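Here is the structure we will look at.
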Amino acid sequence: MRIDLLTDPIAGLDEALAVADAFDEVLVAGLLRPQKIAGLTELADAVAGSPLAARVAEAAEKTAAGAAGEEHFVSLAAARIAVFGSVHDAVLARLVEATGRPQGEESARQASEADSPNLLAAARSWLSDLARAGWQGIDHDLISGSTQVISALLAEPGSRRLAVLLDGFAAELAASCPGAALERVPTRRWGDLWSRGMLLTLPWETSAISTVTGRLLPLGVDLLEHPTAAQAQVHAVFEPEDGTAPRLVRANVTVPKPDTIIGAGIWQLLRPHLSLLTALSEGRSMDLAGMPVTAEGDLLWQDEKARLGEPADAFSTARVVLPKAVTPMVAPLDRHPVRIAVPVFLEGYDIEGDEDEVTFTFAGNRLPVETDRIPAAGPLTPKAVASSSACIGLVRWDGGFRLQPLAVETTVRKKTTAVHAGAWAGGTTDKAGVKAEKAATDAAAVLRERAGRLLRK
């Protein structure tokens, strides 16, 4: 792992981000009568050498004149997505070079048909109204216009991806109304959600889904928690049965949750949907037979096509198998730097700072560690990271490369011990974990009783 490559500047990166920021400032005041036309011109210039050039140039001109329609807003959203895609590709290319691991090839894609064209058109119309009003022009009447569209989209399985995005986006906007009173506008985040939503209202090419058979070796789990939902994403290396090169894969599970269930109690909600969590906490591999997988390395998990295998230490996997694992390509619409999360193994580093602000240093090259991303639902702590000698983590990018620890090796009572963020995923005998699980069980029982009482009424 060449950490020096992660500290060197990437050519053109700041310029690309400046283009996106300039366009996002145009969205603040709205596209009905744009005040900062330079942001439109810069976006058109940024894609002048691409197949989008003519459409985006026309869209920028029409928008500047206050005569843009929905098709022009779609073109602007596509250009913004393309700019961030170029940033993603540059950052990922540097990461692939730093790890020295092979990069997968672009896979064949197939066209998808819109299941509900009228609903998609209605969603596009609402997003266009948002763009015309701008973030400073939002009010409750404008946001409430999405309610019926979102409800209808949620009922269509093929539109669920767009529906969930719009549902969360509308909730954020509603909590920020009126826009004229906002002291700070999250321009990049809302720009991301708006542009992605616009493109999701169009038919897209999807990657073909194949099946795989072989051995799955878990590395660690990234746990994301929201007041009403939780997601576990297990990162692993897959060894095909046919002896071809190992590859990096992921398996996700997302569940709704009440806001009273927090910490280790979240695992109770996730376990029934992903047996892989048990293998992770027990330090075992899994044998897969005919498991569906996308070209981007996402396993479409089906428990009946997996069974627990032999013991498999994550650090042994990271030392021996991970360096040879192929990094999959990323789907076009998902090429955004915020989505980058590349598994790495690090050792031989020095540690600067304390548990509140940890930095790993390698021959003078510094890699900041995001200890605030360590979930409370496991035994891994910032203190353990600050005293570690080896680490499995995810390299992310947020204005610079950063490391999110998934597991560390540290010394406990003069003995090298592995501490995993997902050690409690399949159950635990740890006192703190048992206490949190009991509290969650009690909370869930109370909620079920109350729900039953309401249904009986």
Side-chain angles (χ1 to χ4, degrees), residues 9-93 120-121 123-138 162 165 169 179 185-205 330-339 397 399:
I10 301 176
L13 207 62
D14 292 340
E15 292 82 356
L17 291 172
V19 168
D21 290 342
F23 175 71
D24 288 345
E25 286 300 320
V26 182
L27 281 175
V28 172
L31 301 183
L32 181 60
R33 296 181 183 86
Q35 301 170 6
K36 299 181 180 180
I37 297 175
L40 297 168
T41 305
E42 290 177 23
L43 185 64
D45 290 345
V47 297
S50 76
L52 292 172
R55 289 191 177 188
V56 177
E58 178 188 354
E61 181 181 349
K62 293 284 189 181
T63 303
E70 290 182 11
E71 69 278 11
H72 300 117
F73 296 153
V74 169
S75 296
L76 294 175
R80 188 186 182 281
I81 291 280
V83 169
F84 273 107
S86 70
V87 173
H88 170 280
D89 290 352
V91 171
L92 187 60
L120 295 180
R124 190 162 54 249
S125 176
W126 178 71
L127 288 167
S128 296
D129 288 342
L130 274 184
R132 293 187 181 97
W135 311 134
Q136 291 179 334
I138 60 173
L162 173 62
L165 183 149
F169 190 19
V185 179
T187 53
R188 183 171 292 181
R189 175 172 173 79
W190 286 359
D192 285 342
L193 294 172
W194 175 80
S195 54
R196 185 175 177 82
M198 286 295 285
L199 294 198
L200 283 175
T201 64
L202 304 175
W204 269 87
E205 289 185 342
V330 181
L333 192 56
D334 294 336
R335 285 175 175 164
H336 191 292
V338 77
R339 295 175 63 90
W397 191 87

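Just so we're clear, the structure is a prediction, and the values are computed from it rather than from any experiment.
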## Note on the structure
By side chain to side chain contact (heavy atoms under 4.5 Å, CB included), Leu200 pairs with (sequence neighbours left out) Arg161, Leu162, Leu165, Arg196, Leu333

#### Entry: Residues forming a side-chain hydrogen bond (donor to acceptor under 3.5 Å, both in side chains) with Arg339, sequence neighbours excluded
none

### Query
How about Ile138 and Leu130: do any of their side-chain heavy atoms sit closer than 4.5 Å?
yes

### Query
So do Phe169 and Leu127 actually touch side chain to side chain, heavy atoms under 4.5 Å?
yes

### Query
Do Ser128 side-chain atoms and Arg124 backbone N/O form a donor-acceptor pair below 3.5 Å?
yes

### Query
Checking Thr63 side chain against Ala60 main chain: does a donor-acceptor pair fall under 3.5 Å?
no

### Task
Could you pull out all residues at least two apart from Trp126 that satisfy side-chain hydrogen bond (donor to acceptor under 3.5 Å, both in side chains)?
none

#### Entry: Trace of the side chain to side chain contact (heavy atoms under 4.5 Å, CB included) decision for Leu27 with Trp190
CA-CA 9 Å; Leu27 281 175; Trp190 286 359; over 6 Å; no

### Task
Could I get the full list of salt bridge (Lys or Arg N to Asp or Glu O under 4.0 Å) partners for Arg55, not counting sequence neighbours?
none

Would you tabulate the side-chain donor-acceptor contacts of residues 28-53 under 3.5 Å, counting partners in other chains and residues two or more places apart, or write 'none'?
unit_1: Thr41; atom_1: OG1; unit_2: Ile37; atom_2: O; d: 3.4
unit_1: Ser50; atom_1: OG; unit_2: Val47; atom_2: O; d: 2.8
unit_1: Ser50; atom_1: OG; unit_2: Leu52; atom_2: N; d: 3.2

Donor-acceptor list for residues 12-20 side chains, cut-off 3.5 Å, not counting sequence neighbours:
none

If you look only at distance, which donor and acceptor atoms sit under 3.5 Å apart when one is on a side chain in residues 66-86 and the other is two or more places apart or in another chain?
unit_1: His72; atom_1: ND1; unit_2: Gly69; atom_2: N; d: 2.9
unit_1: Ser75; atom_1: OG; unit_2: Glu71; atom_2: O; d: 3.2
unit_1: Arg80; atom_1: NE; unit_2: Asp24; atom_2: OD1; d: 2.8
unit_1: Arg80; atom_1: NH1; unit_2: Gly191; atom_2: O; d: 3.4
unit_1: Arg80; atom_1: NH1; unit_2: Asp192; atom_2: OD1; d: 2.8
unit_1: Arg80; atom_1: NH1; unit_2: Ser195; atom_2: OG; d: 3.3
unit_1: Arg80; atom_1: NH2; unit_2: Asp24; atom_2: OD1; d: 3.4
unit_1: Arg80; atom_1: NH2; unit_2: Asp24; atom_2: OD2; d: 3.0
unit_1: Arg80; atom_1: NH2; unit_2: Arg188; atom_2: O; d: 3.3
unit_1: Arg80; atom_1: NH2; unit_2: Asp192; atom_2: OD1; d: 3.1
unit_1: Ser86; atom_1: OG; unit_2: Val83; atom_2: O; d: 2.5

